[in-house]
Amino acid sequence: MNVLTFPLAPVRGAAWVLDQVVLAAEREHYDPGPVRQRLAALEKELLDGEIDEEEFDRREDDLLDWLEECEAYQQNQQGP
């Protein structure tokens with residue numbers, strides 16, 4: 001049976017590699033650590049007077065939404 005499916009091995013190998021790349025990209029995108037670092041840097045910008053409250057609020061909302069997505073992804077990866 002393996003002889004019959006041998007010609008498909010490169011396709012299966014490529015699919016596996018693609019799956020691994022997608023998983024790695026998802027883990028990187030949904031890593032909450034960099035989002036928390038960005039939130040801290042944003043707060044520093046506000047305290048240093050580099051941005052105003054309105055800009056802070058806008059960017060903070062985006063980062064908090066992203067952090068929420070990260071945490072939901074982490075929960076889904078852990079399972080029930």
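Count residues from 1 along the sequence.
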- Rounded distance [0.5 Å steps], CD1 in Ile51 versus CG in Leu46: 5.5 Å

- Query: For the hydrophobic clusters of this structure (ILVMFWY residues joined by side-chain heavy atoms under 4.5 Å, transitively), does one cluster hold both Tyr73 and Leu67?
  - Reply: no

- Less than 4.5 Å apart, any side-chain heavy atom of Leu64 and any of Val35? no

- Distance, nearest 0.5 Å, that separates CG of Asp57 from CG of Asp62: 11.0 Å

- Kindly give the heavy-atom pair with the smallest separation between Pro32 and Gln74, and that separation in Å. CD-NE2, 3.9 Å

- Query: Taking Arg58 as the fixed residue, which of Glu55, Glu60, Glu54 is the one that meets the side-chain hydrogen bond (donor to acceptor under 3.5 Å, both in side chains) rule?
  - Reply: Glu55

- Separation between SG of Cys70 and CZ of Arg27, rounded to the nearest 0.5 Å: 14.0 Å

- Query: Quick one: do Glu45 and Arg59 make a salt bridge, cutoff under 4.0 Å?
  - Reply: yes

- Note on the structure: Here the gap from Glu71 atom CD to Asn76 atom CG, rounded to the nearest 0.5 Å, amounts to 12.0 Å

- Task: Would you give the length of the straight line joining atom CZ of Phe56 to atom CD of Glu50, rounded to the nearest 0.5 angstrom?
- Result: 13.0 Å

- For the residue pair Tyr30 and Gln77, establish whether any side-chain heavy-atom pair is separated by less than 4.5 Å. no

